[in-house]
Amino acid sequence: PAGNGEMQPTRVLQLLNMVTPEELVEDEEFEDIYEDVREECSKFGKVYDIKIPRPVQGNTSGVGKIFVRYETIESAGAALRALAGRKFAERTVLTSYIDEEKYVADDF
Amino acid sequence: AAEERRKKRRSRWGSEDSKVNIPGLPTAITASMTKEQLDTYLLHMRLEEIGRKLRTGDYIPPERERSVSPEPIYDSQGKRVNTREYRYRKKLEDERHRLIEEAVKRNPDFKPPADYKRPTKVQD
């Protein structure tokens, strides 16, 4: 919770505007999306883990967002710059960081 | 079977040289924001994107991303109602409608885009 200014870079990349809740319901489609994300994000460094919240049991928290934790902050930064503005299924990708503690606690 | 499907499937990622750059709407967000601010920004960005697609008629995805066509539905004159163009346009209009409702909920002073019409039932 910093004030105005720049966000503190972390090693967890946040990808926005990539998927709709409907696309995450079916297992097959979900796995395809997961694989697309893993494959592309691995180009920027070693990926530690990935979270793609799904709309299950009325959960809407973080649904539509995709989180990729890298081994280093540098890799997350490279991905943040390279993937911003790219298209994913005809939608424009927005990138940001998220605090690692929030990521671990599923607080998105 | 899953392996076969994976091979046939193409990535959803667009090419690196088709990056989007809209002045005033950064795509790499490094300014400090709360989750609510970020979600609001995202909402406006997507509304802008949908608005642009609807205005320019750019809403039919490339062949590889198309879903399976549903059974055709015809009106009383025998004209097909659920054409590809109609279906994709309707999908974006429905999404826009949901996003505008969400934007109004967040900010009652929110002004919907000038070309926004509430979605209507089947028409041709």
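Just so we're on the same page: letters track the sequence lines, and every chain starts at 1.
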Asks: I need the A/Thr20 OG1 to B/Glu95 CD distance, nearest 0.5 Å.
Replies: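 One finds 7.0 Å between OG1 of A/Thr20 and CD of B/Glu95.
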
Asks: Quick check on the structure: residues of residues 70-87 of chain A within a heavy-atom distance below 4.5 Å of chain B, by number.
Replies: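 Only A/Leu80, A/Arg81, A/Ala82, A/Leu83, A/Ala84, A/Gly85, A/Arg86, A/Lys87 of residues 70-87 of chain A have a heavy atom under 4.5 Å from chain B.
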
Asks: For the interface with chain B, which of A/Leu94, A/Asp107, A/Leu16, A/Ile98 has the highest count of heavy-atom pairs at distances below 4.5 Å?
Replies: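 Among A/Leu94, A/Asp107, A/Leu16, A/Ile98, the one with the most close pairs to chain B is A/Leu94.
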
Asks: Are there residues of residues 45-55 of chain A whose heavy atoms fall under 4.5 Å of chain B's heavy atoms? If so, which?
Replies: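 Heavy-atom contacts from residues 45-55 of chain A to chain B are absent.
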
Asks: So which of B/Asp17, B/Thr34, B/Leu42 has the largest heavy-atom pair count under 4.5 angstrom toward chain A?
Replies: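 Of the candidates given, the most pairs with chain A belong to B/Leu42.
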
Asks: CD of A/Glu35 to CZ of B/Arg12: how many Å apart, nearest 0.5 Å?
Replies: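 If we round to the nearest 0.5 Å, A/Glu35:CD and B/Arg12:CZ are 11.0 Å apart.
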
Asks: Does any backbone or side-chain atom of B/Leu38 lie under 4.5 Å from a heavy atom of chain A? Answer side chain, backbone, both or neither.
Replies: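 Only the side chain of B/Leu38 comes within 4.5 Å of chain A.
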
Asks: At what distance, to the nearest 0.5 angstrom, does OH of B/Tyr41 lie from OG of A/Ser96?
Replies: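 Reported to 0.5 Å precision, the distance equals 10.5 Å.
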
Asks: So for A/Gln8, is it side chain, backbone, both, or neither that comes closer than 4.5 Å to the heavy atoms of chain B?
Replies: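 No part of it gets close to chain B.
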
Asks: Counting only non-hydrogen atoms closer than 4.5 Å, can you tell me which residues of residues 46-54 of chain B sit against chain A?
Replies: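 B/Arg46, B/Glu49, B/Lys53 fall under the 4.5 Å cut-off.
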
Asks: Let me confirm one number: the CD-OG1 distance from A/Glu6 to B/Thr30, rounded to the nearest 0.5 Å.
Replies: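 Going from CD on A/Glu6 over to OG1 on B/Thr30, the span is 4.0 Å.
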
Asks: Would you confirm whether B/Ser11, through its side chain, and A/Asp36, through its main-chain N or O, come within 3.5 Å as a donor-acceptor pair?
Replies: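 No, B/Ser11 side chain to A/Asp36 backbone: no donor-acceptor pair under 3.5 Å.
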
Asks: Quick check on B/Asp39 against chain A: is it the side chain, the backbone, both or neither that has a heavy atom closer than 4.5 Å?
Replies: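 Answer is side chain: those atoms of B/Asp39 sit under 4.5 Å from chain A.
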
Asks: Partners of B/Glu101 by side chain to side chain contact (heavy atoms under 4.5 Å, CB included), sequence neighbours excluded?
Replies: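 By the side chain to side chain contact (heavy atoms under 4.5 Å, CB included) rule, B/Glu101 matches B/His97, B/Arg118.
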
